[in-house]
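Heads up: the structure comes next, in structure tokens.
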Amino acid sequence: MKPMLKDFSNLLLVVLCDCVLGEAEYLLLGEPGHVALSNTTVSVDFQYFDGANGTLRNVSVLLLEANTNQTVTTKYLLTNQSQGTLEFECFYFKEAGDYWFMMTQGMTDSSTSEKSAFLKVEWPDFHVDLNRTSKAAEGTFQVGLFTSQPLCLFPVDKPDILVDVIFTNSLPEAGTSQGQPLEIRTSKKTELSQGQWIEFGCAPVGPEAYVTVVLKLVGQDSVITSVGPIDLAQKFGYKLVMVPELTCASGVEVMVLPPPCIFVQGVIAVFKEAPRRPGERTMRLAENSLPLGQRRTVFNCTLFDMGRNKYCFDFGISSRSQFSTKEKECMIIQRNIGWY
């Protein structure tokens with residue numbers, strides 16, 4: 001921000017000096033900054049001096065990319081238009097970066113005069129979110145892209161967004177005992193929009209999965225925004241799926257719904273929910289281990305007391321280096337005499 005203010009101050013100093021000399025020539029921006037892809041125009045105030053050294057002709061204001069010095073567009077002034085305001089439409093500012101406005105004046109004595117103004121263009125703020133899909137059990141998830149910035153209605157050559165999704169099986173700083181962490185990349189092209197959900201297929205990275213999302217313009221290297229790595233287990237958690245009440249005939253089935261893109265691996269335990277004295281621990285009746293990728297397990301009816309009682313099940317992962325997740329659900333189990 002300080003360099004921008006310095007440029008602005010220098011421009012004002014030039015204008016003041018020109019005024020003292022009787023030749024007020026300048027380019028002055030309505031705002032020193034701009035948001036790429038937004039629907040706002042850039043206003044440039046100008047004034048040039050028609051002096052006695054020659055007749056002015058072909059007076060124009062150029063918009064240039066500062067890094068490449070390439071001309072984005074040129075606007076020509078009317079012969080009798082020595083001052084006023086030019087509007088540069090939003091579709092000229094597809095990318096973040098530094099831009100120059102330069103006023104050039106062709107003279108009959110073959111000399112030229114230039115005035116310039118600097119514009120800093122930044123990317124709009126995009127919020128990136130992740131969500132389950134209805135096909136979560138089949139290995140898909142959604143990436144949401146949202147911005148509160150009103151976007152430019154490009155008449156032609158509307159830019160597309162490239163969404164890169166990077167799957168890893170560990171955090172970059174963690175490392176693995178087996179060597180380099182596994183990394184799988186996938187990409188999708190989508191249209192520029194204020195809000196949308198994009199579905200991605202999962203990559204098989206194992207019982208731990210982290211996702212990084214990177215947004216770019218198609219064909220460009222500049223990153224609009226990057227989020228991650230996101231721990232999918234922390235983001236979504238595990239869910240135990242069971243009926244709220246049943247009469248036990250042979251066994252009670254419990255299913256684990258994992259976060260998207262993660263293979264289940266852990267232990268399901270069952271215990272009876274009953275009033276206890278302070279400090280008394282709940283006694284586990286049984287534990288069933290779930291091998292990698294298995295989601296369902298069955299507890300035999302003989303574990304449960306006769307009559308109608310409340311039992312709770314929890315699922316835990318002890319292999320994770322970051323934390324041990326716990327998910328608990330309870331149900332009413334009716335067990336009748338003579339049923340096994």
Side-chain angles (χ1 to χ4, degrees), residues 126-146 160-191 193 195-216 218 223-242 253-268 288-297 313-329:
F126 272 91
H127 172 67
V128 179
D129 198 6
L130 303 181
N131 195 20
R132 292 180 182 267
T133 66
S134 57
K135 303 175 184 177
E138 300 176 17
T140 62
F141 72 106
Q142 291 179 321
V143 174
L145 309 176
F146 304 95
D160 289 321
I161 299 293
L162 186 69
V163 186
D164 286 335
V165 174
I166 305 153
F167 298 89
T168 57
N169 63 345
S170 67
L171 295 171
E173 63 272 15
T176 62
S177 58
Q178 295 141 357
Q180 290 296 322
L182 179 64
E183 181 177 295
I184 300 176
R185 292 172 175 261
T186 184
S187 300
K188 277 193 177 182
K189 184 173 73 172
T190 185
E191 64 179 16
S193 171
Q196 60 182 311
W197 288 99
I198 307 158
E199 188 170 304
F200 281 85
C202 293
V205 293
E208 296 184 39
Y210 304 84
V211 165
T212 300
V213 180
V214 181
L215 301 188
K216 301 178 182 178
V218 172
V223 174
I224 298 174
T225 191
S226 176
V227 177
I230 301 169
D231 188 331
L232 295 181
Q234 287 185 323
K235 170 68 177 176
F236 294 101
Y238 290 79
K239 294 183 179 180
L240 288 176
V241 181
M242 63 188 72
E253 183 180 85
V254 180
M255 186 184 79
V256 178
L257 179 63
C261 307
I262 290 182
F263 294 117
V264 175
Q265 187 176 32
V267 175
I268 297 180
N288 285 359
S289 296
L290 294 178
L292 183 63
Q294 182 176 318
R295 299 185 177 192
R296 300 173 185 271
T297 189
F313 300 79
D314 66 30
F315 173 72
I317 301 176
S318 58
S319 62
R320 290 182 61 85
S321 58
Q322 296 295 320
F323 64 94
S324 179
T325 184
K326 286 286 187 180
E327 177 64 24
K328 175 183 172 182
E329 290 289 341

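Keep in mind that what you see is a predicted model, and the values were worked out from it rather than measured.
- When the ring-ring contact (aromatic ring centres under 6.0 Å, His included) test is applied to F313, the partners found at least two apart in sequence or on another chain are F299.
- The shortest side-chain heavy-atom distance between T190 and D160 does not fall under the 4.5 Å cut-off.
- The pair D129-K235 meets the salt-bridge criterion, with a side-chain N (NZ, NE, NH1 or NH2) lying under 4.0 Å from an Asp/Glu carboxylate O.
- Residues D231 and L171 are not in side-chain contact: their nearest non-hydrogen atoms beyond the backbone lie 4.5 Å or more apart.
- Partners of F263 according to the ring-ring contact (aromatic ring centres under 6.0 Å, His included) rule, which considers only residues two or more places apart in sequence or in another chain, do not exist here.
- Counting only heavy atoms from C-beta outward, the side chains of E253 and M242 never approach each other to under 4.5 Å.
- Going from atom CZ of R295 over to atom CG of L257 covers 6.5 Å, rounded to the nearest 0.5 Å.
- Between F141 and F167, the ring planes lie perpendicular to each other; the angle is over 60°, past the 30° to 60° tilted range.
- Side-chain contact check for V241 versus V256: every heavy-atom pair is 4.5 Å or farther apart.
- Atoms CD1 and OG1, from I166 and T168 in turn, are 8.5 Å apart once rounded to the nearest 0.5 Å.
- Relative to the six-membered ring of F315, K328 misses at least one condition, a distance below 6.0 Å or an angle of at most 45° to the axis.
- Of the possible donor and acceptor atoms, none in the side chain of D164 sits under 3.5 Å from a partner among the backbone N and O of V214.
- With sequence neighbours excluded, no residue forms a salt bridge (charged side-chain N to carboxylate O under 4.0 Å, His left out) with E329.
- Using a 4.5 Å cut-off on side-chain heavy atoms (C-beta onward), I224 and F126 make contact.
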